[in-house]
Amino acid sequence: MSCYFNRTLVLHKMSFPSHSLSISATIAANAVPLATPETDPVPLQFSVLRKIESCRSIQEIKQFHALVIKSRPLQTQFVYNAIMRGVTSFRTRCGSSLEAILLYREMLMKGLVPNDYTIPFLLKACAQEYALREGEEVHVHAIKTGLLGSNVYVNNTLMRVYAVCGVIGAAQKLFDKSPQRDLVSWTTLIQGYVKTGSPREAVEVFFRMCEANFVADEMTLVIVLSACAMLGDLSLGKRIYRYMHENEVKRDVFVGNALVDMFLKCGDADLARWVFSEMPVKNVVSWNSMILGLAQQGKFKEALVVYEEMQTLGIRPDDVTLVGVLNSCANLGLLESGKWVHVYIDKHMINADGFIGNALVDMYSKCGSISQALRVFQGMKRRDVYSYTAIIVGLAMHGEAAHALEIFSDMSLVGIRPDEVTLLGVLSACSHAGLADEGQRHFEDMSRVYGLEPQTEHYACMVDLLGRAGLLSDAEEFIKNMPTEPDAFVWGALLGACRVHGKVELGELAMKKLVEIEPERDGAYILMSNMYSSADRWRDALKLRKFMKEKHVKKTPGCSSIELDGIVHEFRKGEKSHPKSKEVCRFLEEFTSHLKSFGQQDKIAFA
DNA sequence: TTAGGGTTAG
């Protein structure tokens with residue numbers, strides 16, 4: 001009794017920031033005498049729980065809550081906890097954090113005190129809604145009531161609030177101070193590091209957990225596997241896989257999906273396929289993991305084969321599946337298949353905003369139908385930075401620089417901040433349109449206006465922009481002043497510009513640098529050899545080809561594909577396997593000679 | 001009556 005009295009007394013003395021939800025103000029204004037904590041009769045507890053569990057919607061819980069407000073004997077700690085449990089287990093549109101906080105305030109006003117069940121319910125709601133400020137308030141209450149530190153559920157749920165809100169330092173601090181830790185504490189900390197983009201640290205925590213003699217269960221492993229996936233570290237992934245065998249971890253559908261995703265992100269499609277085929281139970285996420293994972297590995301055709309298999313089995317795709325299919329169509333240039341997905345989306349009245357809308361814009365623009373991409377973009381009710389970037393990049397690819405820049409300026413009007421990829425689209429639009437000054441201005445704006453750090457891709461784009469505009473010495477100077485080491489894309493851009501403007505000496509320097517970075521690739525040699533030929537330096541061209549042969553430089557065959565009536569026709573340099581390859585070659589010869597008569601031979605050679 | 005899990009775009 002005295003213990004509870006002391007606790008409530010402390011609650012009265014607490015001060016909260018003025019912007020808070022004013023739990024403390026409610027307590028201060030509380031005129032109702034504080035009740036002693038009573039234990040409800042067991043039959044009442046059972047009937048309350050049965051009632052809450054029978055509720056099928058948040059409205060029904062609210063109706064029960066109304067009944068409690070009217071009936072004084074029902075106003076007990078147990079009943080409020082039960083309502084809070086009901087509220088937090090429903091995913092409400094209005095947000096369960098607010099509902100739970102309101103219930104908590106009401107509870108305090110009725111003179112009831114929180115216990116070790118109340119706080120976890122409240123904190124669960126805060127974590128679900130990413131309500132950091134409210135979580136911090138509850139943190140204070142948990143300290144003042146003495147529940148923090150004495151109850152592992154309170155500690156773990158509080159850690160989770162900080163972890164999901166990205167305040168990993170606070171979560172780690174709580175963990176370090178916890179007098180008792182269980183598997184959930186470790187798992188929550190590991191997940192905190194994963195969610196805040198630190199998979200390396202997450203894995204380190206996992207190994208520390210093993211040293212502390214905890215054995216991971218399937219929930220911990222799903223998170224650890226996702227950390228391996230983020231790291232793309234196959235040997236680490238295999239090590240975790242062995243751990244699962246050694247410790248006989250249950251392989252449920254979550255673990256299976258996490259394994260498939262991990263193996264694909266680590267580049268081992270065969271292992272992923274094997275795990276996938278061995279899964280006794282698959283769900284739509286399993287199929288999505290395969291389709292998206294294969295697409296992320298650039299295996300677009302394989303991704304579509306998996307999708308066909310899914311269709312054959314009659315499994316209904318969801319939004320994520322369609323995004324993966326659209327992405328594969330986009331990268332293969334399969335306009336007809338992409339259109340089919342669009343029809344499917346319309347037919348099933350799937351909301352074409354967000355991920356789906358953005359994937360459609362990207363698919364249409366990559367498949368050459370920029371007008372349709374624009375139509376989808378304009379028809380979207382909600383547009384985000386991805387939507388804007390997709391259309392800007394698409395317009396830039398189609399040479400419509402002015403339109404791309406116009407849409408870019410619309411972004412600031414509607415209050416959407418561009419990111420690094422948007423700027424890449426803007427710079428490439430400027431580059432293709434020969435707008436060197438405007439491109440330079442946007443490049444400078446990156447850090448000055450948008451607070452974005454230019455990456456090596458942006459530098460490569462600028463070199464391309466200056467090079468195309470014929471400002472070769474500016475491009476060279478630009479590379480010299482780069483804060484980071486120039487990569488193959490930067491030197492490749494310079495070499496390309498040298499090829500166009502016939503700058504052989506500078507081209508030789510770019511080639512030398514490129515060969516240092518990528519000795520096994522043939523691109524630089526081919527470009528340089530073409531450059532020598534154009535400058536009538538046949539001997540140098542021959543010498544370079546001979547050198548390539550001696551060094552066994554692999555030749556990447558040029559490849560192009562075209563979709564006709566839903567069938568993809570592929571053509572590789574030097575390969576005559578296509579049934580109509582003779583006719584195609586004959587047509588190309590005629591076409592080339594026709595173009596040459598218009599003086600376009602240089603462009604053909606370059607292409 | 002309480003806590004921790006997988007796939008999505010430019």
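Just so it is clear, the model here is predicted, and its values are computed rather than measured.
Regarding A:Y162, its OH atom lies at a distance of 17 Å from the P atom of B:dG4, rounded to whole Å. Between A:K195 atom NZ and B:dG4 atom P the separation is 12 Å, expressed in whole Å. In this structure, A:Q297 atom CD and B:dT7 atom P are separated by 15 Å, rounded to whole Å. Rounded to whole Å, atom P of B:dT2 lies 5 Å from atom CZ of A:R85. Nucleotide B:dT2 holds its P atom 9 Å from the CG atom of A:L49, rounded to whole Å. Protein atom OH of A:Y364 is 20 Å distant from nucleotide atom P of B:dA9, rounded to whole Å.
Note on A:K265: a side-chain N or O is less than 4.0 Å away from OP1 or OP2 of B:dT8. In terms of phosphate contacts, A:Q296 brings a side-chain nitrogen or oxygen within less than 4.0 Å of OP1 or OP2 of B:dT8. Applying the 4.0 Å criterion to OP1 and OP2 of B:dT1, one finds that A:N115 has every side-chain N and O outside that range. A close approach under 4.0 Å does occur between a side-chain nitrogen or oxygen of A:R160 and OP1 or OP2 of B:dG5.
In this structure, A:R417 forms no cation-pi arrangement with A:Y450, as its terminal cationic atom is not both closer than 6.0 Å to the ring centre and no more than 45° off the ring axis. Remark: A:R85 is not positioned above the aromatic ring of A:Y117, lacking an NZ or CZ atom under 6.0 angstrom from the ring centre and at most 45 degrees off the axis.
In this pair, A:Y386 does not lay its aromatic ring on the base of B:dG10; centres under 5.5 Å and planes under 30 degrees do not both hold.
A:T389 contributes a side-chain N or O that forms a donor-acceptor pair with the base of B:dG10 under 3.5 Å. A donor-acceptor contact under 3.5 Å is not formed by the side chain of A:D217 with the base of B:dG5.
Across all strands, A:L183 comes closer than 4.0 Å to base atoms (heavy-atom distances). Within the 4.0 angstrom heavy-atom criterion, base atoms lie near A:N81.
Judged as a side chain to side chain contact (heavy atoms under 4.5 Å, CB included), and not counting sequence neighbours, the contacts of A:T389 are A:V385, A:V393, A:D419, A:V421, A:T422. For A:R316, there are no salt bridge (charged side-chain N to carboxylate O under 4.0 Å, His left out) partners, not counting sequence neighbours.
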Carefully, step by step, assess A:K62 and A:E99 under the rule salt bridge (Lys or Arg N to Asp or Glu O under 4.0 Å).
CA-CA 10 Å; A:K62 281 182 176 171; A:E99 297 275 341; 3.3 Å; yes
